[in-house]
Each structure stands twice: as structure tokens, then as C-alpha cells.
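The next block holds one structure in the form of C-alpha cells; read it before the comments.
Values below: every heavy atom of this structure, side chains too, minus hydrogens, waters and symmetry copies. Start at 1 and go down the list; that is how both ligands and their atoms are numbered. The chain is numbered in sequence order, starting from 1.
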Amino acid sequence: MTTCPNLRKTREKLLLGPGPSPVESRVLRAMAEPTLGHLDTDFVAIMDETQKLLRKAFQTKNELTVTMPGTGSAGMEAACVNLIEAGDRVIIADHGVFGRRMQEVAERCGANVVKVSAPFGRPLDEEALFQAVRDNPDAKLVGVVQAETSTGVLQNLDQIAAFVHDAGMLLLVDAVTSLGGMEVPVDRLGLDVVYSGSQKCLGCPPGLAPLTLGPRAIERMRNRKTKVQSWYLDLTMIMRYWGEERFYHHTAPINMLYAFNEALRIIDEEGLHRRWERHRRNAEALWAGLEAMEIDLPVPYQFRLPSLTCIALPEGIDDGKLRQNLMERYCLEVGAGLGELKGKVIRVGLMGSGSTANNVLFFLSAFGTTLNAMGRKTDVGASLDAAGQVLTA
Ligand SMILES: *Cc1c(COP(=O)(O)O)cnc(C)c1O
């Protein structure tokens with residue numbers, strides 16, 4: 001992809017793709033503060049504050065709430081390696097690319113993985129998942145993606161959590177594209193292991209994976225017969241670094257943690273509920289604007305994610321060309337389709353500080369005028385009007 005000739009300054013592009021999301025200057029400035037030692041008392045105070053703020057963001061009292069070095073996938077890997085032993089049977093559901101990634105990671109842990117799949121663009125069939133739980137009573141854990149970024153589909157967890165817990169299994173949840181943008185009901189539903197990524201709705205650069213484990217998951221870790229396969233991601237050691245002992249395990253990514261701490265402060269200042277409402281309202285405005293342009297949204301309304309919208313490409317519009325035009329003319333990044341949706345959709349993220357009324361109106365006008373220039377006539381005025389009505393309601 002070429003860079004944007006409209007840029008006044010280098011690299012000032014608007015990130016409305018599936019992540020990373022735009023990072024506020026406050027967060028970037030925090031990152032530029034002097035590097036401290038990983039056992040320095042001032043740094044340790046930042047770790048403690050980060051941990052408190054992260055528990056608030058996860059809405060949990062879980063003692064074991066930390067950030068792992070690495071991106072969201074490191075969180076996925078950490079959750080799997082700590083809770084799965086070779087030979088364990090686990091059930092991992094997928095309704096898109098990231099559920100499949102979790103299956104792959106679990107397989108690499110030596111698990112016997114039972115897969116339950118949903119078609120692209122739909123959530124899981126809960127009854128099919130429950131049947132897999134009934135058919136595999138020896139399964140130790142069920143893994144589910146709450147916010148599937150490859151399709152923009154939300155998976156409701158209420159019934160699943162109750163069923164999985166009744167069966168005595170642990171529930172592992174991917175909250176990479178939900179944490180900070182909508183409710184992740186960690187304590188309300190007793191989700192056992194939940195991980196996320198710093199660069200989506202949390203508004204931080206990529207590089208950290210927040211992770212929280214509840215009491216049942218810790219008990220499972222304690223009862224392992226074998227050592228965790230990965231030395232680096234072994235939580236039994238990492239928890240000793242985040243705890244009172246400050247046991248040296250690895251050098252914490254100091255400046256990333258400054259940034260993450262600042263991003264969590266911004267979330268705390270805004271308030272979780274207000275932040276979710278903001279994500280919701282701006283997504284509703286985007287959807288109204290697209291519908292007024294007669295653009296098809298493949299995911300039915302009740303399953304849509306506020307943080308990521310899948311947009312079907314009109315007949316004859318080439319996905320690569322469209323995204324290139326958006327970048328060259330408007331310095332605007334959106335995502336390509338993944339998996340089965342490659343070439344058929346674009347993905348628009350309104351995540352973290354990227355979820356604003358201005359960005360919705362800007363995206364709709366950039367997208368509409370670009371489609372017009374590519375020969376597909378759309379009513380940009382009607383689109384902005386429809387979005388504006390949601391934004392001013
Ligand atoms: C982005 C994403 C991941 C992977 O995160 P990386 O930061 O790219 O490693 C995992 N799951 C979901 C749902 C995601 O959106």
C-alpha cells in the first residue's frame with residue numbers, strides 16, 4: 001500500500017481499521033518519560049496503580065490481573081499454556097479467524113481439541129456448543145471469542161458461562177476487541193480466564209496483553225501435573241513479579257507500561273459505562289449512515305459489535321483499490337476482509353479514541369465520495385444526515 005500524499009506530517013493517518021486504533025498524545029507522551037529499572041520503587045508504584053486500574057477495566061476483583069509482554073496473541077498463548085496440559089481435552093468454539101487461532105494454539109499445547117464452529121458472520125449456535133459439552137464430559141475448558149474482529153460479530157456469554165460452569169469446566173474468553181469498548185462481564189459471569197490486547201478499545205499502542213484469572217483457573221494451574229510448556233509465559237513466576245515479592249522473571253517493558261497506565265487513566269476518567277455508550281452511539285450512527293447509502297451490513301443488527309463493523313462491498317468495487325483510494329485521498333486506514341470474507345468486505349473499527357462523531361462523519365463522507373468516484377453512485381448527503389440524526393438524538 002502506498003503512503004498518503006496528502007500528509008502534512010509523516011505518519012499522521014487515521015486508523016479506523018481492526019486495530020491498532022488511534023493513540024492519544026497523552027499516552028504517547030507518557031511513553032517518552034525516562035526509562036526506569038524494572039524493580040525501581042517508582043516503577044513498582046506504576047505497576048501497582050496499573051493493576052488497580054486494570055481490575056476496574058475488567059470489572060474484577062481477581063488478584064491475578066496483569067499485563068503480559070506481547071500483543072493480544074501473547075495473551076491467548078499465555079491463557080492456553082497455563083491452563084492446558086498435553087493430553088487434556090478442551091472445547092474451543094470459533095465464529096471467525098480468532099477462534100480458529102485459539103484452536104491452533106490449544107493444539108500446539110498438546111490438547112485434544114473439540115471444535116465447534118459457526119458460519120462466518122454469525123455467532124455460535126449455543127445449543128451446538130452445549131451438546132459438545134455434554135458429549136465431552138471430561139473436557140477441562142471451553143474457549144470462546146467474545147468480540148470476533150474478523151467478522152464484527154458479538155458472542156453473548158451469559159448462557160454459555162452458566163452451562164460451562166455447571167459442567168465443571170473453565171471458561172476462557174478472548175476479549176481483545178471488547179475490553180474498553182463494551183461490557184466484559186468477568187466477575188458478573190465468573191469468567192475464569194480473560195485476555196485482551198492494548199491496541200484496540202483500550203487506546204494504547206500494540207505491545208501488551210492484559211490478562212485476568214479467577215480462583216478456579218488459579219486452582220487448575222496449581223494442580224498441574226507438568227510444568228507450563230513456555231518458560232516466558234509461565235504465570236506462576238510472573239505473578240511473583242507482580243506480587244509483593246517482586247521476584248525477577250523478565251525485564252518488564254517499562255515504557256509500554258507507562259503508556260498502558262496512562263491509557264487506563266483515560267478510561268477511568270471517562271468512566272466505563274460512558275465509554276461503552278460512546279462506542280455504541282458512534283457505531284449506531286455509522287450503521288445508520290451506511291444503510292442510508294444502501295450499503296449492506298452482512299451481520300444482523302442484534303449480533304453487531306460496537307467496535308468493529310463489517311461492510312459488504314457493492315458489486316464491482318475492488319477491495320484493494322477502494323482501500324488504496326481511501327488512504328491516498330484521505331489518509332484513512334480501514335481493514336480488509338479476513339478468511340471467507342476476504343475481497344468481499346472492508347472492516348471499519350471505531351475503537352478507543354477512534355470512536356468519535358467526527359470520525360463517523362468523516363468516514364462516511366470519505367467512503368461515499370470514493371465510491372462515487374469509482375462509479376457506484378451513493379447519496380452521501382443522505383448518509384451524513386442519517387448519521388447526524390443518531391449523533392444528535
Ligand atoms: C487482534 C485480535 C487478536 C490478536 O491480537 P494481536 O494483538 O494481533 O496479537 C486476538 N483476538 C482478537 C479477537 C483480536 O481482535
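- In terms of protein heavy-atom proximity, atom 11 (N) of ligand 1 is nearest to Asp174 OD2, 2.7 Å.
- Of the polar atoms of Thr177, at least one N or O is found under 3.5 Å from an N or O of ligand 1, judged by distance alone.
- Between Tyr241 and His250, the ring-plane angle classifies as perpendicular under the 30° and 60° cut-offs.
- Within ligand 1, the atoms closer than 4.0 Å to a non-hydrogen atom of Ala147 are 13 (C), numbered from 1 in the order shown.
- With ligand atoms numbered from 1 in the order given, ligand 1 contributes 1 (C), 2 (C), 3 (C), 14 (C), 15 (O) to contacts under 4.0 Å with heavy atoms of Lys200.
- Connectivity analysis of hydrophobic side chains (ILVMFWY, heavy atoms under 4.5 Å, direct or indirect) links Val23 to Val27, Leu28, Ile266.
- Looking only at heavy atoms of the protein, atom 12 (C) of ligand 1 is closest to Phe98 CG, 3.4 Å.
- Between His279 and Trp276, the ring centre distance reaches or exceeds 6.0 Å.
- For His38 and Tyr248, the ring centers are positioned less than 6.0 Å apart.
- Close approach to Thr149 involves these atoms of ligand 1, each under 4.0 Å from a residue heavy atom: 12 (C), 13 (C), 14 (C), 15 (O).
- With respect to Glu333 and Lys13, no salt bridge is recorded, no charged nitrogen being found less than 4.0 Å from a carboxylate O.
- Remark: side-chain polar atoms of Thr50 are not paired, donor with acceptor, to backbone N or O of Asn261 under 3.5 angstrom.
- Heavy atoms from other residues, nucleotides or ligands lying under 6.0 Å from CZ of Arg224 number more than 12.
- Annotation for ligand 1: atoms under 4.0 Å from non-hydrogen atoms of Ser73 are 4 (C), 5 (O), 6 (P), 9 (O).
- Under a 4.0 Å criterion applied to the non-hydrogen atoms of Gly72, ligand 1 contributes the atoms 5 (O), 6 (P), 7 (O), 9 (O).
- Taking every heavy atom of Arg101 and a limit of under 4.0 angstrom, the matching atoms of ligand 1 come to 4 (C).
- Closest to atom 7 (O) of ligand 1 among all protein heavy atoms lies Gln199 NE2, 2.7 Å.
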